[in-house]
Amino acid sequence: MFKIITENFEDKFYCEGNLILKYKINYPQIKNNSCCFFKFNSYNYKIALNLKKYIEDNLLQEAQNLYEYNKANGYPIMTYEIIQNFNITYNENNIISLYYEQYIYSGGAHGITTIKGQTWNMKYSKLMSLSDFYPCNDYYILYLLKQINYEISKNPENYFDNYCNLVLETFKPQNFYITSSNTLCLFFNEYDIAPHSTGIPTFCMNY
């Protein structure tokens, strides 16, 4: 098991004393000077840094424009909010698996939450792919799609009517994490295959 700590970028921005944007970006780091951890640390640092840059180069200007528009038209002042957290789902046997949960509120009834997964073989400092878990099955994606559709069929009311087509269209092999030595979780983001009320559709199965 590796000792993983949380680092972060955090800031707030104001216009005329009014808070217009705030963010907190958490990201994982392994505090060890060994070169085998460099790729993991660098990869996750860059994720956080790129999000910080996107916020300050793009969303901040949007928030300033919205502030000026709302003030000129007598509308309530709104605050952009960006929060990124990570969850370690597996940390054993030289494997680290996690997912990021990123929330962005930029107006409207609610914000948008997206998640991104990553799984590492730390012995080789290698970011793993879904195919690594099905080395003897050339048709593993077809198998997984069938399993997902089977699980949805148990409660189809929670998904869009055309979920079969949407599962096929929006399935991304990189959208996974593991929770044990033999349990894999595949996920879809909001509105991919289900309404906002369903949350993040996640399907866990043995591999």
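Scope of the values below: all heavy atoms of this structure, side chains included, with no hydrogens, waters or symmetry mates.
Among residues two or more places apart in sequence or in another chain, the disulfide bond (SG atoms under 2.5 Å apart) test is passed with C15 by none. Legend: residues meeting salt bridge (Lys or Arg N to Asp or Glu O under 4.0 Å) with D11, ordered by chain and number and at least two apart, are absent.
Between I200 and E190, some side-chain heavy-atom pair lies under the 4.5 Å cut-off. For the pair L186 and L130, the minimum side-chain heavy-atom distance is below 4.5 Å. Looking at heavy atoms from C-beta onward, V167 lies in side-chain contact with F188 at the 4.5 angstrom threshold. With contacts defined as side-chain heavy-atom distances shorter than 4.5 Å, the pair Q118/L98 qualifies. Side-chain contact between S181 and Y90 is present, with at least one heavy-atom pair separated by less than 4.5 Å. No side-chain heavy atom of E151 sits less than 4.5 Å from a side-chain heavy atom of M205. Here the side chains of Y177 and N87 are not in contact, with every heavy-atom distance at 4.5 Å or above.
Contacts classified as side chain to side chain donor-acceptor pair (under 3.5 Å) and involving residues 45-57 (residues at least two apart or in different chains) are given here: Y23-E56, K52-E56, K53-D57.
Checked against a 6.0 Å centroid threshold, the rings of F187 and Y99 do not count as neighbours.
In this structure, F2 and F37 have perpendicular ring planes: the angle between them is above 60°, well past the 30° mark.
Grouping the Ile, Leu, Val, Met, Phe, Trp and Tyr side chains by contacts below 4.5 angstrom, directly or via other members, places L144 apart from Y150.
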Using the side-chain hydrogen bond (donor to acceptor under 3.5 Å, both in side chains) rule, take N137 and Y143 through it: C-alpha gap first, then chi angles, then the decisive distance, then the call.
-> CA-CA 9 Å; N137 185 353; Y143 163 75; over 6 Å; no
